[in-house]
Amino acid sequence: MKAITCLTSLFLFACSGPEEGPKQMTVKEEAYVILNALIEDDQLFLNPLCAVPLGQLELEHEEWTSEFDPRDREFMRRCQDSLTEELFEAGELVSWDMRHHEWTPLQIVPENDTTFYAEVSWPMFDEKREKALVHFVFNANGMLSGSGRTMLYVKTKGRWKPWKVYASWIS
């Protein structure tokens, strides 16, 4: 009887095929995870957010090229290419609601909205997911003012920390 049970178990195992591992995230899904973590860890206020991500970051920029080795820059370029036409989708990014003390979905507004809004690039991250480069613009549309910066974040002890600020401006 034990032999039949053992053979049946072996047969079922052989027919079931390889075990499925964890689902591989797409670059877009991973970018949302990293951007939400940056928002939380750096306590960023990006609400409302423009649906159109800022243009591609110049990955060979003299200010931050030294932060990433050539292999990471190539990985980042492939990620960036896959996100070129992607817009931010409602419900994917969060913001801290100070009034209700809870995380809520970011409000997504169309490009050239007539109110104050934030713009952000997709985060560009290295292969190890230890460094991320993001560009922010805070646009007071209609008031002819705003500010922007490119930030390098480094993941330390499981949290994203602002490491360096590049190309900061205000008007």
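- With rounding to the nearest 0.5 Å, the separation of CZ in R73 from CD in Q80 is 13.0 Å.
- Atom-to-atom distance recorded for M151:CE and Y166:OH is 10.0 Å, nearest 0.5 angstrom.
- Here E30 pairs with R129 under the salt bridge (Lys or Arg N to Asp or Glu O under 4.0 Å) rule; sequence neighbours left out.
- The closest side-chain heavy-atom distance from F138 to Y117 is not below 4.5 Å.
- Counting all heavy atoms, side chain and backbone alike, V33 lies closest to M25 at CG2-SD, 4.1 Å.
- The closest side-chain heavy-atom distance from W122 to V27 is not below 4.5 Å.
- Taking NZ of K157 as the reference point, atom CZ of R159 lies at 12.0 Å (rounded to 0.5 Å).
- Atoms CG and CG, from L35 and L46 in turn, are 7.0 Å apart once rounded to the nearest 0.5 Å.
- L49 is not listed as a side-chain neighbour of V109, based on a closest heavy-atom distance of 4.5 Å or more.
- K155 has no carboxylate O lying under 4.0 Å from a charged side-chain N of E130, or vice versa, which leaves the two without a salt bridge.
- In this structure W96 satisfies the ring-ring contact (aromatic ring centres under 6.0 Å, His included) test together with W103, sequence neighbours excluded.
- To the nearest 0.5 angstrom, M124 atom CE is 13.0 Å from D72 atom CG.
- Under the 3.5 Å distance criterion, the side-chain polar atoms of H135 are left unmatched by any main-chain donor or acceptor of V120.
- Residues M76 and R71 form no side-chain contact, since every pair of their non-hydrogen atoms from C-beta on lies 4.5 Å or further apart.
- Scanning for side chain to side chain contact (heavy atoms under 4.5 Å, CB included) contacts around K131 gives E67, F68, D126, L152, V154, with sequence neighbours left out.
- With rounding to the nearest 0.5 Å, the separation of CG in L133 from CH2 in W163 is 15.0 Å.
- Looking at every heavy atom in both residues, Y32 comes nearest to L87 through OH-O, 3.7 Å.
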